[in-house]
Amino acid sequence: MSTKTVDARGLEPPEPFERAMEAIADLPAGGQFTLLIDRMPHPLLRMLERDGYRHTAEFRDDGAVEILISRP
């Protein structure tokens with residue numbers, strides 16, 4: 001299964017959050033996507049935890065944060 005990538009690097013707030021929310025809204029049960037962003041999006045991560053989404057985040061060598069978001 002291929003994973004969609006939402007590249008929100010270089011965008012000013014709230015655009016990265018809005019793009020992530022659009023991708024989440026389109027996510028089918030069991031689906032996932034990768035979010036690339038310039039910094040750790042703590043409000044988004046809290047929302048994902050609250051709503052039961054799975055996620056893993058890691059810093060890449062280029063300084064970006066790569067977050068895999070999965071819908072249960």
Side-chain angles (χ1 to χ4, degrees):
M1 168 166 80
S2 66
T3 300
K4 174 182 174 179
T5 298
V6 175
D7 189 348
R9 294 174 290 178
L11 300 176
E12 293 294 321
E15 188 69 21
F17 184 83
E18 291 172 351
R19 289 196 184 185
M21 294 306 295
E22 289 171 6
I24 289 167
D26 292 339
L27 205 56
Q32 62 183 15
F33 73 96
T34 300
L35 175 65
L36 298 176
I37 193 164
D38 294 319
R39 60 188 117 359
M40 193 63 73
H42 295 288
L44 175 63
L45 299 181
R46 285 192 296 274
M47 188 231 46
L48 293 171
E49 290 171 7
R50 180 196 71 204
D51 293 347
Y53 287 84
R54 293 183 301 273
H55 61 86
T56 58
E58 62 182 51
F59 287 95
R60 296 175 11 152
D61 290 340
D62 64 3
V65 179
E66 181 174 319
I67 304 170
L68 180 65
I69 299 171
S70 303
R71 182 175 181 179

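Keep in mind that the numbers below use all heavy atoms, side chains included, and drop hydrogens, waters and symmetry copies. Source: prediction; values computed, not measured.
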S.K.: To the nearest 0.5 Å, what is the distance between CG (L44) and CD (E49)?
M.R.: 10.0 Å
S.K.: Could you measure the distance from the CE atom of M40 to the CZ atom of F59? Nearest 0.5 Å is fine.
M.R.: 3.5 Å
S.K.: Considering all heavy atoms of both residues, which atom of R60 and which atom of L36 are nearest to each other, and what is their separation?
M.R.: NH1-CD2, 3.5 Å
S.K.: Give, for atom CG of L48 and atom CD1 of I69, the distance between the pair rounded to the nearest 0.5 Å.
M.R.: 5.0 Å
S.K.: Are V65 and I24 in one and the same hydrophobic cluster, where Ile, Leu, Val, Met, Phe, Trp and Tyr link if side-chain heavy atoms are under 4.5 Å apart?
M.R.: yes
S.K.: Report the distance from atom CG of D26 to atom CZ of F33, rounding to the nearest 0.5 Å.
M.R.: 9.5 Å
S.K.: With distance as the sole test, does D38 use its side chain to make a donor-acceptor pair with the main-chain N or O of R9 at under 3.5 Å?
M.R.: no
S.K.: List the atom of L35, the atom of A20, and the distance in Å for their closest heavy-atom pair.
M.R.: CD2-CB, 4.0 Å
S.K.: Within the structure provided, determine whether P28 and R71 are in side-chain contact (heavy-atom separation under 4.5 Å).
M.R.: no
S.K.: Kindly say whether A64 contributes a backbone atom to a donor-acceptor pair with the side chain of D62 at under 3.5 angstrom?
M.R.: yes
S.K.: Are M21 and I37 linked, directly or through intermediate hydrophobic residues, by side-chain heavy-atom contacts shorter than 4.5 Å (ILVMFWY only)?
M.R.: yes
S.K.: With sequence neighbours excluded, what pairs up with R50 under the salt bridge (Lys or Arg N to Asp or Glu O under 4.0 Å) test?
M.R.: none
S.K.: Shortest non-hydrogen contact from S70 to Q32?
M.R.: OG-OE1, 3.3 Å
S.K.: Check whether R19 reaches the backbone of A8 with its side chain - one donor and one acceptor, N or O, closer than 3.5 Å.
M.R.: no
